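Computed over heavy atoms, backbone and side chain alike; hydrogens, waters and symmetry mates excluded. What you see is a predicted model, and the numbers here were worked out from it, not measured in a lab.
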Amino acid sequence: MPIRYKTTSTSYSLSDLVTVLPEIGEKRAKKLSSIGIITIKDLLHYPPRRYEDRRRLTSIKMLNQKSECTLLLSVVKSRIVYTSKGITQSRIILTDETEKIEAIFWGRGYLANSVFQEGKKFFLFGKPEKYNGRWTITNPEYEEFIPEEENIHTNRIVPIYTLPDGISLRSFRRWVFETLQKVKIVDPLPSEFLQERNLVPLSEAITNLHFPNTLEYLEQSRRRLAYDEVVQIQKRWSKWKNTEFDKNACVHKTDGKLLSTFRSNLKFKLTRAQEKVIGEVLNDMSSPKRMFRLIQGDVGCGKTLVALHAILSAVDSGYQVAVMAPTEVLAEQHYLNFLNALSAFSLKIVLLTSSVKNAPEIRKKISKGEVDIIIGTHALFQESTIFNKLGLVVIDEQHRFGVLQRQKLCMKGHCPDVLYLSATPIPRTLALTVYGGMDISVIDELPPGRQPVKTYIIRKEKRDSLYKFIIEQAKQGKATYWICPSIEESESREDLKPLLNIYSELSNSIFLSLKTDVLHGRLSFSEKADVIRRFAEGKIDVLFCTTVIEVGIDVPHATSLVVENAECFGLSQLHQLRGRVGRSSLQSYCFLLPNKLAQLSAKRLKILCSINDGFKISEQDLLLRGQGEILGLRQSGESDLKFIDFSKDLHIIQQARDDVFSDKI
Ligand code: ADP
Ligand code: MG
């Protein structure tokens, strides 16, 4: 094959930096690093966003108006045209021996001389149009035809990538193409192993990811890369799991005084699902094998109560417990809830966040063993906290799955049992992948007497009736949460209704007769605690707040939840917010107030109106948005999930897990 582009004769290895490519210098390398491409391996594992099928080769005679096609043509004549506005144009007449067509390139006069030389042959791809009986094609994709040579941009299935400013699609595609010619990819997996699992070899998979010959090959390649992806994640889990620690973890008492008192003082009967999961958890706690368990359950199913069983069992056994929350606000709320739930006991419970003033003193107490339960953000645990006798770590994940990072805490010189709580129920396939080596318990039942929250989308013209409804409810002693996505006005997001504006606007007009207040993350801890307390005591009718209320606030007489800019939230997050109401046998309501309603968000919000089951909602969310967004993993840069498709890959995920955990790989 002739060499189309001038390249050096060396070959690349996957670990080389992208700067080994002749066209990539410091500047371009920096741009590429913004999309995670640093090495040749990253470049080759960067998935196209979509593909364009440019295989439909046709002749001018057969053209029909406005459908995309590829033509193979020779240049008859080319010229530069200077338009009145000073823009240049290339106008190229080409022919395929049946007829002629004129290609017009706006703003690219240079093409006429430097590229489209008379007599040369080109592939063009685009949408031809017929004016006055003549065919033209504007700004088509073009590529010279050289006999016996493979094309990159035309006459094939072509990859389209999402790229940073200043990196052109054509260049990037060419870099990938050239790299594929010059890199040697050694498959770490033997071919027999691959055959057994019906997986294609790695080099084939990577080549087809970018330049598939058929869409079927593409799917096979994606499956192979998805397999590798799961293996990588599972390996990280297994590395952590199969340590000596794992077999010599703390053995906790499960018949201690605190736990039995707590159990006999419970005001209600545990659900069957809670009993089952508590059984699983206490079984783990009492065994020398390290507990490593995820509790999944819909909002309101009573996960906190299960966690409290584990916590009291650890404290009964003389151990300390760390409770990690993803944000300060959530840590504060857990703190208040725990104080409340455990008020009957004389336990030392402390809050450790960066706004706590006497942190050094608290740390000293922790290290001396004068504290039983420590609640805080994971950052604070990681810095300089030394535990005296850490026996249990409870990790509250919410919808931010920083799983891999948080493992660090648990390594800290101890071998505590680990209990994850996930507030976002996720489908089994996803849980298996993201939570690799964990045991999973599901609480699939709500406490009795709960009524589904009635959920409505409220249009602008209906706001007045909503106000009336809220006032009516307040008269009956029922309270409302009014949620806004942002605290203050922001120039970049004019579409967002700011909390403080809405609060003062409504409190001073339509809600003048009601007791209102605000709650957001900028208040100090004691201010927040005070507002929450007054709300719980029924001294506030409408609480205007940000999503700080997402978790942990438990006020049974709050029966309405209003969400401004509902279109800005993820479905699972809205479901979680909705979990703040419906906490008693009173009928509760959720009102979604979208600002603008694009088609997709309308579809999403409607799901919420018709489905009350968190697992089903996250499945739907998954189908509509893709897993990365749900998990918040892609944004946080912790994601390896480029290729897995949870709607199709259950089999691959299970296979990869089995292979890792049976040490086959
Ligand atoms: P989650 O954290 O799973 O969203 P919580 O633990 O906050 O749910 O529990 C929700 C509410 O239900 C709390 O008020 C809790 O006291 C109450 N609750 C928990 N278990 C039961 C039960 N078995 N019967 C009645 N109420 C319960
Ligand atoms: Mg909870």
Side-chain angles (χ1 to χ4, degrees), residues 45 47 185-206 208-209 219-247 249 277 280-281 283-284 287-296 397 401 403-404 406-407 410 417-420 422 425-442 444 615 618-619 622 626-628 630-631 633 638-665:
H45 280 80
I185 298 171
V186 183
D187 201 323
L189 303 176
S191 60
E192 229 168 74
F193 183 91
L194 294 174
Q195 267 164 23
E196 264 174 44
R197 283 155 188 75
N198 201 12
L199 295 169
V200 299
L202 187 58
S203 65
E204 208 173 293
I206 289 180
N208 276 307
L209 171 70
E219 176 58 13
Q220 283 173 10
S221 307
R222 187 197 64 74
R223 290 182 60 236
R224 163 64 204 265
L225 296 169
Y227 175 86
D228 287 4
E229 212 164 75
V230 184
V231 165
Q232 241 171 47
I233 298 172
Q234 303 297 333
K235 275 198 170 163
R236 244 177 279 177
W237 282 112
S238 75
K239 206 189 284 172
W240 190 49
K241 211 176 174 235
N242 293 326
T243 58
E244 272 313 296
F245 279 149
D246 216 41
K247 289 163 219 136
V277 173
E280 287 164 354
V281 169
N283 199 21
D284 289 350
S287 116
K289 189 173 155 289
R290 178 184 196 142
M291 170 162 74
F292 196 40
R293 186 173 289 277
L294 167 73
I295 300 183
Q296 280 215 76
E397 283 285 358
F401 294 66
V403 179
L404 306 171
R406 270 163 233 178
Q407 294 176 359
C410 305
D417 282 319
V418 181
L419 189 63
Y420 270 75
S422 164
I426 53 174
R428 189 178 142 74
T429 41
L430 193 50
L432 281 176
T433 317
V434 185
Y435 291 106
M438 282 194 169
D439 298 310
I440 300 179
S441 291
V442 180
D444 50 3
F615 284 93
S618 79
E619 250 167 48
L622 198 67
Q627 58 267 11
I630 292 195
L631 294 177
L633 278 171
E638 282 173 41
S639 176
D640 297 306
L641 311 180
K642 287 186 202 153
F643 302 109
I644 298 169
D645 179 340
F646 290 97
S647 57
K648 302 185 197 158
D649 290 344
L650 178 59
H651 179 70
I652 294 176
I653 291 169
Q654 275 168 344
Q655 178 77 67
R657 263 171 66 87
D658 289 350
D659 287 342
V660 171
F661 283 95
S662 59
D663 283 329
K664 287 203 188 123
I665 188 171

Side-chain heavy atoms of Leu225 within contact of Leu202, under 4.5 Å: yes
If you compare all heavy atoms of Pro47 against all heavy atoms of Leu209, which two are closest, and at what distance to 0.1 Å? CA-CD2, 4.4 Å
For Asn283, enumerate each residue passing the side-chain contact (heavy atoms from CB on, under 4.5 Å) test, keeping only those at least two apart in sequence or located in another chain. Ser286
Look at the side chain of Arg197 and the backbone N and O of Phe193, then say whether any donor-acceptor pair between them is shorter than 3.5 Å. yes
So, do Asp187 and Arg224 sit near enough that their side-chain heavy atoms are less than 4.5 Å apart? yes
Heavy-atom distance under 4.5 Å between the side chains of Phe643 and Ile652, does that happen here? no
Going by side chain to side chain donor-acceptor pair (under 3.5 Å), name the residues that satisfy it together with Gln655, two or more places apart in sequence or in a different chain. Asp659
Can you sort out the partners of Glu219 under side-chain contact (heavy atoms from CB on, under 4.5 Å), two or more places apart, ordered by chain and number? Arg222, Arg223, Lys648
Which residues pass the side-chain contact (heavy atoms from CB on, under 4.5 Å) test with Asn208, not counting sequence neighbours? Glu204, Pro212, Tyr217, Ser221
Spatial distance of atom CD1 (Ile644) from atom CG (Asp228) [nearest 0.5 Å]: 10.5 Å
Determine the sole option in Arg290, Arg293, Lys289 for which the side chain to side chain donor-acceptor pair (under 3.5 Å) test with Asp284 is passed. Arg293
Give me the atom names and distance for the closest heavy-atom approach of Pro201 to Leu194. CA-CD1, 3.8 Å
Could you state the interatomic distance from OG (Ser422) to CD1 (Ile295), rounded to the nearest 0.5 Å? 10.5 Å
So does Lys642 get a backbone contact from the side chain of Glu229, meaning a donor-acceptor N/O pair under 3.5 Å? yes
Tell me, please, which residues at least two apart from Glu196 pass side-chain contact (heavy atoms from CB on, under 4.5 Å). none
Test of understanding: with side chain to side chain donor-acceptor pair (under 3.5 Å), list the residues that count as partners of Asn198, not counting sequence neighbours. none
Tell me if a side-chain donor or acceptor on Asp417 pairs with a main-chain N or O of Met291 at a distance below 3.5 Å. yes
